**Student:** 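Below you'll find the structure I mean.
Whatever order the structure lists them in is the order used to number ligands and atoms, beginning at 1. Values below: all heavy atoms of this structure, side chains included; hydrogens, waters and symmetry mates excluded. Keep in mind the model is a prediction, meaning the values are calculated, not measured.
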Amino acid sequence: MSPTVFEPFKVKVVEPLALTERPQRERWLADAGWNLFGLHADTVTFDLLTDSGTTAMSSGQWSAMMRGDESYAGSRSFFRFESVVKELTGFRHVIPTHQGRAAERILFALTVLEGDVVPSNNHFDTTRANIEHDGGKALDLVADVAHDPRAEHPFKGDIDLEKLRACLEAHRGRVPLAMMTVTNNAGGGQPVSLENLRCVSALCKEYEVPFLLDACRFAENAWFIKQREPGQKRRSVKEIAQEMFLLADGCTFSGKKDGMVNMGGFLALDDDALAERARNLLILTEGFPTYGGCAARDLEALAVGITEALDERYLEYRTASVRYLADGLEAVGVPTMRPPGGHAVYVDAQALLPHVPAREFPGQALACELYLHGGIRSCEIGSVMFGREAPDGTFTGPDLELVRLALPRRVYTQSHVDRMIELAGEVADRADSLRGLRMTHDPKVLRHFTARFEPLEVVAPTPALV
Ligand SMILES: *Cc1c(COP(=O)(O)O)cnc(C)c1O
């Protein structure tokens, strides 16, 4: 038996968990319109809504924050942050933003025109929304194997290179840039291989299209490359990450993931002219280029966080804890997307609730029951997030109905995860009694954040928790 992988840190500060009863949770969920984003966090015991901005920072980060230099212009914290990012990515221009979507908004406002096409493996929801906001079309060209939740493929985040070539050919002159999301969040947190990134980079060069990484989880992706890709075992994760960035012309980055901070991000670019335009736009809405949307102390924490995310003991623990949750869920009859991703376990809600059709939101129904039964908050990634109802009433859902259990970094312990597995197993035992939902409020953009629902039928009461 291989030795237990343990947390390569100890706990210094603790925060109590909210312990609640089912009748209370029923009331709170109804008040929130059956949308878990509407809950007060105080009503949630295990918050797996997202790994974004929920990281526990290290003593190293907290102490770095104390040396933050809050000068309006030319802050020493900016230069420290910039040098860490430049050393990792090699990009010439580093533009701090308050989070990833601010980098996306600036990038696409400057590059996407009405009718343009932006291909990616899978666009994240804010990326897609920003591209569409500027009149572009966000195309998802992930390889077909990604659509099979049971396929044990090492790099299910890879893009389909034939589809990418066909897209670049068909839309010549209308592709302002191509992107790759590492790891592929909307596609199950699956990694992209170095080989695939090299081919995308070469194709983009051939068609003279800039290639940008959505690099939020670059360290988890680089770890999987080291573990799974032939010929990469002996390289450090940092060297692999550096090559990933070297293959691209720039990146958008949310520091709230592998940046290990609660707020922050950046846009990094090689193109001098585009970077100048981006800084001008930055000043309009984010702030002066040496702080962007951040306090200088945030930049200090991000500089330390990026370095900590590359620690291989940390990455081993991180991916082992996600795998532990996934394997535990499988063992109690909760089908998950295989193999487990880097930051989250994706439960296959369609497989668990085959009797609930896509237009009745099986993922949302399951996510709500996990909350009602166990106080677990998760995130639907299915028909609520990506489904579309046409004016004629026809409904198009995504190919997968998933519920994402995202693990915040360095936050929950193994016994927390053990309890979550027990609770999810109890929900799975009576999955066939769960009913779908009806959407009663359907906002125009990013509807999963604010949509409201009603249950289609009252769920049979369950015995109280012990
Ligand atoms: C979180 C995320 C973003 C957006 O970043 P924010 O900091 O939340 O604005 C973009 N892309 C991916 C893949 C993400 O996971």
**Student:** Give me the nearest non-hydrogen protein atom to atom 11 (N) of ligand 1 as residue plus atom name, then the distance to 0.1 Å.
**Tutor:** Asp214 OD2, 2.7 Å
**Student:** Mark the output for Gly265 as yes if a heavy-atom distance to ligand 1 is under 4.0 Å, and as no if none is.
**Tutor:** no
**Student:** So which heavy atom in the protein is nearest atom 10 (C) of ligand 1, and how far is it from that ligand atom?
**Tutor:**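 The protein heavy atom lying closest is Glu104 OE2, 3.1 Å.
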**Student:** Nearest protein heavy atom to atom 7 (O) of ligand 1, by residue and atom, and its distance?
**Tutor:** Ser254 OG, 2.6 Å
**Student:** With atoms numbered from 1 as shown, which atoms in ligand 1 lie under 4.0 angstrom from a non-hydrogen atom of Thr181?
**Tutor:** 13 (C)
**Student:** Checking side chain to side chain donor-acceptor pair (under 3.5 Å) for the pair Thr181/Asn122: CA distance, chi angles, key distance, verdict?
**Tutor:** CA-CA 7 Å; Thr181 313; Asn122 283 112; over 6 Å; no
**Student:** Identify, with sequence neighbours excluded, every residue that meets side chain to side chain donor-acceptor pair (under 3.5 Å) alongside His416.
**Tutor:**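 His416 satisfies side chain to side chain donor-acceptor pair (under 3.5 Å) with Thr413 only.
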**Student:** Look at atom 1 (C) of ligand 1 and say which protein heavy atom is nearest, naming residue and atom and giving the distance to 0.1 Å.
**Tutor:**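 The protein heavy atom lying closest is Lys257 NZ, 1.3 Å.
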**Student:** Kindly say whether the aromatic ring centers of Tyr291 and Phe78 come within a distance under 6.0 Å.
**Tutor:** no
**Student:** Considering only the protein, which heavy-atom contact is closest to atom 6 (P) of ligand 1, and what is its distance?
**Tutor:**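 The protein heavy atom lying closest is Gln99 NE2, 3.2 Å.
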**Student:** Does a side chain donor of either Asp125 or His448 reach within less than 3.5 Å of an acceptor in the other side chain?
**Tutor:** yes
**Student:** CZ of Phe218 to NZ of Lys238: how many Å apart, nearest 0.5 Å?
**Tutor:** 10.0 Å
**Student:** Arg150: what forms a side chain to side chain donor-acceptor pair (under 3.5 Å) with it, not counting sequence neighbours?
**Tutor:** Glu330
**Student:** For ligand 1, which is the ligand I care about here, please tell me if Phe124 has any N or O atom under 3.5 Å from one of the ligand's N or O atoms.
**Tutor:**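 Looking only at distances, the answer is no, because the N/O contact criterion of under 3.5 Å is not met.
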**Student:** Could you see which bit of Arg101 sits under 4.0 Å from ligand 1, with heavy atoms only: side chain, backbone, both or neither?
**Tutor:** both
**Student:** Classify the ring geometry between Phe253 and Phe266 as parallel (under 30°), tilted (30 to 60°) or perpendicular (over 60°).
**Tutor:** parallel
**Student:** With only distance considered, is Thr126 within less than 3.5 Å of ligand 1 through an N or O on each side?
**Tutor:** no
**Student:** Should Arg410 and Glu308 count as an ion pair when the cut-off is N to O under 4.0 Å?
**Tutor:** yes
**Student:** Going by the atom numbers of ligand 1, which of them fall below 4.0 Å from some non-hydrogen atom of Lys256?
**Tutor:**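 The atoms of ligand 1 under 4.0 Å from a heavy atom of Lys256 are 7 (O).
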